[in-house]
Amino acid sequence: MKKDDVFEFFRRLAEENPSPETELEFGNHYQLLVAVVLSAQATDVGVNKATRKLFAEVKSPQDMLELGEEGLKEHIKSIGLFNSKASNVIALSEMLLAEHGGKVPEDRDALVELPGVGRKTANVVMNCAFGAETFAVDTHIFRVSNRTGLAKGKTPLAVEKKLEKVVPQPFRLGAHHWLILHGRYVCKARKPECWRCQVAELCSYKSKNLSED
DNA sequence: CTCCCGATAT
DNA sequence: ATATCAGGAG
């Protein structure tokens, strides 16, 4: 995608949604970290449904260890991959207490050390909690970047590196949210709604769905 | 690469 | 019935 088109791409998304935020619900950094770990291969709606009750009683790593792994499983059993997620969240909470004073670290190297936290989750926490200009390439951003021609790459990391290069200011802080929301509601995996897409004319997607069913 | 793994939309 | 959902670990 040409440089001017990239600017126009984000200008249009920003015009519609001036201050995009995550749709995951949380009250502090620790809850944000847990919510993002739970959101792997699951919908935000499904995660929020479970964390609403969980976070009413669990607000810190101490609270989580008091609840225990089996107690946590009861809360998150409606989410996919709940066995490994419960195990990771307990281990992650222990590590926060043992090595970080119970607080969520700000740097990627420390975040990725935590069980269940990979590069994408680390980038989300850095952006949402600490205002870092990171690009968390999840399934939506990977699809939208490749499909539109904004940043093509064979792996999430390759797409992230390209986004680092092509996304201009003043859009770098919000870019990952604009892309994810666009992917969730317009540029969807199954049935992309190109007829109401704000950036369709800037897009390289060949088989556009330009008619409304 | 495979496994994990329930809810929802199509 | 099956694809998809804010992926990560072995």
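What you see is a predicted model; the values in this text were computed from it and never measured. Letters A, B, ... are given to chains in the order of the sequence lines, protein chains preceding strands, and every chain is numbered from 1.
OP1 or OP2 of C:dG8 lies within a sub-4.0 Å distance of a side-chain N or O belonging to A:Thr121. In this structure, A:Arg184 reaches the C:dA6 phosphate: one of its side-chain N or O atoms is under 4.0 Å from OP1 or OP2. The shortest distance between the side-chain N/O atoms of A:Arg143 and the OP1/OP2 oxygens of C:dC5 is below 4.0 Å.
Here the separation of C:dG8 from B:dT8, taken at their P atoms, is 24 Å to the nearest Å. Distance noted for atom P between C:dA6 and B:dT10: 14 Å (whole Å). One C1' atom belongs to B:dC4, the other to C:dT4, and the distance between them is 15 Å to the nearest Å. With both ends at atom C1', the span from B:dC5 to C:dA3 equals 14 Å, rounded to whole Å.
In terms of position along DNA chain C, the nucleotide closest to A:Gly183 lies nearer the 5' end than the nucleotide closest to the other residue of the pair A:Gly183 and A:Glu113. Residue order along DNA chain C, read from the 5' end via each residue's closest nucleotide, puts A:Glu23 first among A:Glu23 and A:Pro115.
Atom CG in A:Leu181 sits roughly 14 Å away from atom P in C:dC5 (whole-Å rounding). Atom CG in A:Asp138 sits roughly 9 Å away from atom P in C:dC5 (whole-Å rounding). In this structure, the CD atom of A:Glu25 is 14 Å from the P atom of C:dA6, given to the nearest Å. Rounding to whole angstrom units, CG of residue A:Leu24 and C1' of C:dC5 are separated by 12 Å. Nucleotide B:dC4 holds its P atom 19 Å from the CG atom of A:Leu38, rounded to whole Å. Protein atom CZ of A:Arg108 is 12 Å distant from nucleotide atom P of C:dG8, rounded to whole Å. Atom pair A:Phe26:CZ and C:dA6:C1' shows a separation of 13 Å (rounding to whole Å applied).
Residue A:Ile141 is classed as having no contact, given no heavy-atom separation below 4.0 Å to the nucleic acid. Nucleic acid contact class of A:Gly46 (heavy atoms, under 4.0 Å, all strands): none. In this structure, A:Val117 reaches the sugar-phosphate backbone alone: every heavy-atom distance under 4.0 Å involves primed, P, OP1 or OP2 atoms, never a base. Within the nucleic acid shown, A:Val124 comes within 4.0 Å of at least one base atom, counting heavy atoms only.
For the contact set between residues 150-163 of chain A and DNA chain C, defined by any heavy atom under 4.0 Å, there are no members.
With hydrogens and angles left out, the side-chain atoms of A:Asn83 and A:Lys73 include a donor and acceptor closer than 3.5 Å. No hydrogens or angles considered: a donor-acceptor pair under 3.5 Å links the side chains of A:Asn123 and A:Glu160. No donor-acceptor contact under 3.5 angstrom links the side chains of A:Gln198 and A:Glu15, judged on distance only.
Within a 6.0 Å radius of CD in A:Glu113, other residues, nucleotides and ligands contribute 12 heavy atoms or fewer.
Remark: A:Lys77 pairs with A:Glu74 by the side-chain hydrogen bond (donor to acceptor under 3.5 Å, both in side chains) rule, at least two apart or across chains. Taking A:Arg172 as the reference, A:Glu164 meet the side-chain hydrogen bond (donor to acceptor under 3.5 Å, both in side chains) condition, with sequence neighbours excluded. Partners of A:Lys162 according to the salt bridge (charged side-chain N to carboxylate O under 4.0 Å, His left out) rule, which considers only residues two or more places apart in sequence or in another chain, do not exist here. Applying the side-chain hydrogen bond (donor to acceptor under 3.5 Å, both in side chains) test to A:Glu94 and every residue at least two apart in sequence or in another chain returns nothing.
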Could you walk me through whether A:Phe9 and A:Asp4 pass the side chain to side chain contact (heavy atoms under 4.5 Å, CB included) check? CA-CA 9 Å; A:Phe9 182 96; A:Asp4 291 344; over 6 Å; no
Which parts of nucleotides 5-10 of chain B does protein reach within less than 4.0 Å, heavy atoms only, written one letter per nucleotide 5' to 3' as B for base, S for sugar-phosphate only and - for none? BBSSBB
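Nearest heavy atoms, A:Gly102 versus A:Pro61: O-CG, 3.7 Å.
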